[in-house]
Each structure stands twice: as C-alpha cells, then as structure tokens.
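Worksheet for the structure shown next.
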Number of protein chains: 2
Amino acid sequence: MTVSKAAEKSAEKPADTAKGRKDAAEVQGQGAGEALQLGELSEQLGYVLKRAQLKVFENFLRCMASLQLTPAQFSVLLLVEKNPGRNQTEIASTLGILRPNFVAMLDNLESRDLCARIRSTNDRRSHILVLTDKGKAVLARAKKLVATKHEARLNELLGQANREALIAMLAKVASEF
Amino acid sequence: MTVSKAAEKSAEKPADTAKGRKDAAEVQGQGAGEALQLGELSEQLGYVLKRAQLKVFENFLRCMASLQLTPAQFSVLLLVEKNPGRNQTEIASTLGILRPNFVAMLDNLESRDLCARIRSTNDRRSHILVLTDKGKAVLARAKKLVATKHEARLNELLGQANREALIAMLAKVASEF
DNA sequence: GATATTTGATATGGTCCATAACAATTATCA
DNA sequence: TGATAATTGTTATGGACCATATCAAATATC
C-alpha cells in the first residue's frame, strides 16, 4: 500500500484551508539559518539528565573500546567481584536487570571467559556467579581505564569537589526521587 | 532445536571439573539473604546517572499521566513553541532525534491535534512546524504540572540552590564531556 | 506427599535508535 | 539552460534494550 498513515491523518488537519495558509504566512521566513533557542528546555531536569547520560555512556564506550565492555557489562563485573557467590537473580535485580534479560548478558560474559556460572550445592536451581581469573584481570584493566580516561575527564571538567557533589546528588535522586 | 546457546557454551566452561567444584565450595554460603554491596558502583558516574535518569523519567510520566505526554513529546512541544516556523529537520536535530524517527513522533502529535505540519512556501520540500491552539493549551497545562509536581519534588529533595547547581553541572557534562 | 514457589531459561512483543533507500524539490555548475 | 548533486520528508528494516508470559527443574510449604 502506498497510502501512508500520515497521509490518512492529514485529511483531518487544516493545512490547506484558508486559515492554514494564513497561519503559514504568519510564520514563513522566521529565523532561517539561525540557531534554535532551547528556551526552558535547558532547565528541564529530564532533558539535561538524558543528554548528559548519553554523552557519558558514549565516552565510556570509547574509553573501553580496547576491552569491549559496555557500561552494563562493567557494572555486572564490578558487582560480581564485590559479591562473589551470589546467584543470577540477586545480581540482576540489584542492577535493575530483569532475569530473562540477564541470561543473554551472562551468556556473553561467560563465552568470553570473564565470569562463570557454577551450580550451587545448597540450591541446585540457582547458578552461583564468580569472576574467572581472566575476568578479574580484565576488570582490573577496566578500572584503570575508567579512572584515568573517564573519571579524570569529569574531574578536569568540574573539579574534584564538584564531581563528588554531582555524584552524591545523582545518587540521592536515583534513590529518593 | 532444544539445545540452547548457553548449553553449547557450557561445554567449554569448567563448572563440573574438580577445580570448578573446589571454586564453588570456596564460595558457597556467602552472605545468603544479606543485602549486596554496591561497592565502587555507587561512585560510577554512568551508573548513578542512568539510575537517576530512569527515576526522573518515571516520575515525569506519572506527573503527565493526565496529559499523556512523554518527556520526548514534551521537549518537542517546548521547542516548537519557542521556535515556530522551523522545519522537521531543524527541530529533530536540535533534540538529537534522527529525521526518520521523528516522523512517527509528529504523526502522533499531529493526530492528537497538538501541532501541525504546514508546507513551506519558500521551500516546498519542507514542513513548517507550529503548535495548534490545543497544543498551546496542553503545553501550558503541562508546564504547570512539571513545575508543581516534578521540579518541586527536586526542590524539596535538594533545595533550590543545589537543584540549580545540579542542572548546571549536567548541562556542562552534556555539552562538553 | 500434593501444591505452591523459586530459579534459570525461552519465546515474544514493544520501544527506541540507526542506516539505507526513495520521490519530490531545490541547489549547483558546466 | 540543462544535467547533476544535495536536501527534505518518508518508508523500510534491523539492532539494542526492556517487559511479560510461560516452562522445566528444584525447592519450599502445608
């Protein structure tokens, strides 16, 4: 079919009525080529938060290019290292990852020999998670890259004190908003 | 096929070797039932940024439930109001939305009679964007909801000064990181 | 011991994001 | 001028991420 949804909808909009053309005339030639005004957008918490998050993730991926670790994968490795012997449900839920979606993530990390699922002897339903030796080594290198290339960038942008204040406020928003 | 990818991969992991069982034994029974330690995760910029962003968007959606506006839709309305007479490419790129993905968004807003596409007389390829009267009214109500329910929540959580400092730092990160 | 719950897993659908391609229109320039 | 390139809105499509329902195996509950 060649009739688009937009075309169907346009049947009920006043774009080609007399009023539509008048409105168009009022507006033609406004600020052609000039930069757009962000206006209240630049003070919207959600907007600036999302933009900042995208930039930070982008930078993180560049810093981690040699190790091929995403922010989510890095967080899993960090959490498993700090809490060895926990099962998938515990690690996933702590990170806000749903159990079904955590399976493929672990498949990936395990296939790269970064972590391992070990059948628990206490509860043979669950898989205990541990970092492999390679996983520990990769995580150590990842931490150094994050510290020297990623966090350092934030420090030189905001300064040490502001950087800590920013993270503290974000943590508060994340937990109490 | 019933053989999963995970099962294939598990052939090369040492879960059931002597070493595997020894590792498991070292780790069994650690902190069962206790809360997990976040460790360095709670100081990771990307982690806390993402969690905060999810919470803020969630709260935004609740505040806007009566108007059925997403953060992205709200940002489009704000930007079109501030910059009437711009075309789709200009509005979309300012918001970091790719032109193809902006089409469906506008189809939605236009079908709800919140904004209108008007064929430009200067360049008949492009569509000038304008808010409808209903769009202006809805946006006005949305702004009030955001101010009284959304931003106010942030104020009582951080205080006015910290709220402004947070947004300023996020803006800096978003633009210079 | 029958029933309910938990765990890891699969299947599946939705939303968002990114790229390629196309028709209509406009810009470029030989 | 006319052929070619670039732009605009659009469609189609695929990937990444997120959410729900469902299942078998194992465990808990009664």
Side-chain angles (χ1 to χ4, degrees), chain A residues 1-10 13 15 32-33 46 50-51 53-55 57-58 61 68 70-73 75-76 85-110 115-129, chain B residues 1-10 13 15 32-33 46 50-51 53-54 57-58 61 68 70-73 75-76 85-93 95-110 115-129:
Chain A
M1 85 166 167
T2 55
V3 178
S4 68
K5 275 192 292 183
E8 294 180 73
K9 281 165 197 157
S10 69
K13 87 180 175 190
K50 179 74 180 182
R51 296 301 280 252
Q53 184 255 314
L54 289 175
K55 274 287 189 71
F57 270 42
E58 199 179 304
L61 287 175
Q68 286 289 297
T70 68
Q73 290 168 339
S75 71
V76 170
R86 299 301 192 131
N87 66 24
Q88 298 183 198
T89 298
E90 291 172 312
I91 297 292
S93 77
T94 299
L95 292 173
I97 303 174
L98 293 173
R99 277 65 78 212
N101 300 328
F102 195 50
V103 173
M105 246 189 106
L106 272 186
D107 287 349
N108 182 339
L109 294 176
E110 202 174 24
C115 80
R117 297 184 236 225
I118 302 178
R119 194 114 249 164
S120 168
T121 56
N122 303 332
D123 184 341
R124 295 190 15 242
R125 289 170 298 186
S126 59
H127 288 164
I128 290 308
L129 298 182
Chain B
M1 83 165 168
T2 56
V3 178
S4 69
K5 276 193 293 185
E8 294 179 73
K9 280 163 198 159
S10 70
K13 88 179 176 191
K50 179 74 180 182
R51 297 301 281 251
Q53 184 256 316
L54 289 175
F57 270 42
E58 198 178 306
L61 287 175
Q68 285 289 297
T70 68
Q73 290 168 339
S75 72
V76 170
R86 300 301 193 128
N87 65 26
Q88 296 183 198
T89 298
E90 291 172 311
I91 298 291
S93 77
L95 292 174
I97 303 174
L98 293 172
R99 276 65 77 213
N101 299 329
F102 194 49
V103 174
M105 246 189 106
L106 273 186
D107 287 349
N108 182 339
L109 294 176
E110 203 174 23
C115 79
R117 297 184 237 225
I118 303 177
R119 194 115 249 163
S120 169
T121 55
N122 304 331
D123 185 342
R124 298 196 7 247
R125 288 170 299 186
S126 59
H127 287 163
I128 291 307
L129 297 183

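We name chains A, B, ... by the order of the sequence lines, and we start the count at 1 in each one.
What you find for B:Phe57 and A:Lys50 is that their closest heavy atoms are CZ-CB, 4.0 Å. The shortest non-hydrogen separation linking B:Arg117 to B:His127 is CD-ND1, 3.4 Å.
In terms of phosphate contacts, B:Thr89 brings no side-chain nitrogen or oxygen within less than 4.0 Å of OP1 or OP2 of D:dT7. Taking only side-chain nitrogens and oxygens, B:Arg117 comes nearer than 4.0 Å to OP1 or OP2 of D:dT10.
Base contact: B:Arg99 has a heavy atom under 4.0 Å from a base atom.
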Show me the protein contacts with nucleotides 2-6 of chain D, counting only N or O atoms at under 3.5 Å.
none

Filtered N/O pairs between nucleotides 16-19 of chain C and protein, under 3.5 Å:
unit_1, atom_1, unit_2, atom_2, d
C:dA18, N7, B:Asn101, OD1, 3.4
C:dA18, N7, B:Asn101, ND2, 3.0
C:dA18, N6, B:Asn101, OD1, 3.1

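Distance B:Arg119 CZ to D:dT10 P: 8 Å, rounded to the nearest Å. Going from atom CD of B:Glu90 over to atom P of D:dT7 covers 13 Å, rounded to whole Å. Summarising the geometry, the separation between CZ on B:Arg124 and P on C:dA23 is reported as 18 Å, rounded to the nearest angstrom. Taking atom CG on B:Asn122 and atom C1' on C:dT25, their separation rounds to 13 Å, with Å as the unit. Protein atom CD1 of A:Ile118 is 17 Å distant from nucleotide atom C1' of C:dT7, rounded to whole Å. Atom CG of A:Asp123 is separated from atom P of D:dA24 by 19 Å (rounded to the nearest Å). With rounding to whole Å, A:His127 atom NE2 is found 9 Å from C:dA9 atom C1'. For A:Gln88 and D:dA26, the CD to P distance is 16 Å, given to the nearest whole Å.
The only option from A:Thr94, A:Ile97, A:Ile91, A:Leu95 that meets the side-chain contact (heavy atoms from CB on, under 4.5 Å) definition with A:Ser75 turns out to be A:Leu95.
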Quiz prompt | Residues B:Leu129, B:Leu106; criterion side chain to side chain contact (heavy atoms under 4.5 Å, CB included); working and verdict | solution = CA-CA 9 Å; B:Leu129 297 183; B:Leu106 273 186; 3.7 Å; yes
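Listed by chain and number, the residues in a side-chain contact (heavy atoms from CB on, under 4.5 Å) with B:Leu98 are B:Pro100, B:Asn101 (sequence neighbours excluded). Evaluation of the salt bridge (Lys or Arg N to Asp or Glu O under 4.0 Å) rule for B:Arg99 yields no partner, not counting sequence neighbours. Under the side-chain contact (heavy atoms from CB on, under 4.5 Å) criterion, B:Leu61 pairs with B:Thr70, B:Pro71, sequence neighbours left out. Annotation: salt bridge (Lys or Arg N to Asp or Glu O under 4.0 Å) contacts of A:Arg125 (sequence neighbours excluded): A:Asp123.
Once rounded to the nearest 0.5 Å, the distance linking CD of A:Gln88 with CD of A:Glu90 reads 11.0 Å.
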